[in-house]
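Take a look at the structure below.
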Amino acid sequence: MSVNLNDPLSEVTRKERKTLLGLSILSVFLVEAGALPSRISALGVDLAEGDQKVFMLVLLFGLVYFLSGFVIYSLSDFIVWRNKITEAYISSYEKYMSERDRYQQDHRDMELDEERRRIYHKNRVWSTLTKPVSVVRALFEFALPVAVGLLSMAVVLLNIAK
């Protein structure tokens with residue numbers, strides 16, 4: 001089923017994912033490397049230590065916002081993706097049943113059926129990899145951004161509490 005390997009994320013979700021991962025990496029870098037700005041020259045603002053905690057809170061709120069957005073959008077995309085997979089399986093089964101009935105009526109098509117089996121067995125590695133690749137892709141697309149977002153939120157929170 002090639003539907004399993006289709007891109008499960010909509011454009012909006014992909015942008016949200018990209019922003020979440022970027023902000024997560026930036027947040028961890030700023031907090032863990034001690035790279036919090038002490039001055040924002042574009043605004044002419046000097047940040048004292050207390051202001052840096054406010055800066056980390058702003059980072060945290062940004063992380064919460066983008067993580068929430070990603071979870072909401074990706075959950076919707078995940079449901080649509082899984083429904084398409086289910087529909088493809090049903091359609092494939094219906095097609096199989098229809099073809100099976102037709103082949104049973106006409107013995108001349110037995111050769112075609114045998115050729116299909118031969119081709120399937122020749123390419124079965126790719127067929128058997130569909131589901132594992134689909135699962136890995138789902139983990140990468142859906143679970144990884146959530147884990148990275150939660151981890152970066154924990155890093156920022158721990159540094160705010162210091």
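Predicted model only: the values in this text are computed from it and were never measured.
M56 contributes atom CE, which lies 10.0 Å from atom CG of L30 (distance to the nearest 0.5 angstrom). Taking CZ of F55 as the start and CG of L60 as the end, the distance is 12.5 Å to the nearest 0.5 Å. For the atom pair OG (S68) and OH (Y73), the distance works out to 10.5 Å, reported to the nearest 0.5 Å.
Listed by first then second residue, pairs satisfying ring pair (Phe, Tyr, Trp, His ring centres under 6.0 Å) with a partner in residues 132-162 read F78-F142, not counting sequence neighbours. For residues 64-92, the set of pairs meeting the salt bridge (Lys or Arg N to Asp or Glu O under 4.0 Å) definition, not counting sequence neighbours, is empty. Residue pairs satisfying the ring pair (Phe, Tyr, Trp, His ring centres under 6.0 Å) criterion with at least one member in residues 9-35, sequence neighbours excluded, are absent. Annotation: side chain to side chain donor-acceptor pair (under 3.5 Å) contacts involving residues 22-32, sequence neighbours excluded, comprise S24-S152, E32-N159.
Under the 4.5 Å side-chain heavy-atom criterion for grouping Ile, Leu, Val, Met, Phe, Trp and Tyr, V148 is not connected to I72 through any hydrophobic cluster. Cluster annotation: F70 and L144 are assigned to distinct hydrophobic clusters (Ile/Leu/Val/Met/Phe/Trp/Tyr, side-chain heavy-atom contacts under 4.5 Å, transitive). Put simply, V135 and Y89 are part of two different groups of oily side chains (I, L, V, M, F, W, Y) that touch within less than 4.5 Å, one to the next. No path of Ile, Leu, Val, Met, Phe, Trp and Tyr side chains, each step under 4.5 Å between heavy atoms, connects L158 with L151, placing them in separate hydrophobic clusters. Taken together through direct or relayed side-chain contacts under 4.5 Å among Ile, Leu, Val, Met, Phe, Trp and Tyr, L21 and F61 form parts of separate hydrophobic clusters.
Not counting sequence neighbours, the partners of L75 by the side chain to side chain contact (heavy atoms under 4.5 Å, CB included) test are I79. Among residues two or more places apart in sequence or in another chain, the side chain to side chain contact (heavy atoms under 4.5 Å, CB included) test is passed with F66 by E16, T19, L20, L23.
In terms of heavy atoms, L63 sits closest to M153 at CB-CG, 3.6 Å. Of all heavy-atom pairs spanning L9 and E141, the tightest one is CD1-OE1, 3.1 Å.
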### Task
Give the C-alpha distance, both sets of side-chain angles, the deciding distance and a yes or no for side chain to side chain contact (heavy atoms under 4.5 Å, CB included) between L67 and V146.
CA-CA 7 Å; L67 178 60; V146 172; 4.2 Å; yes

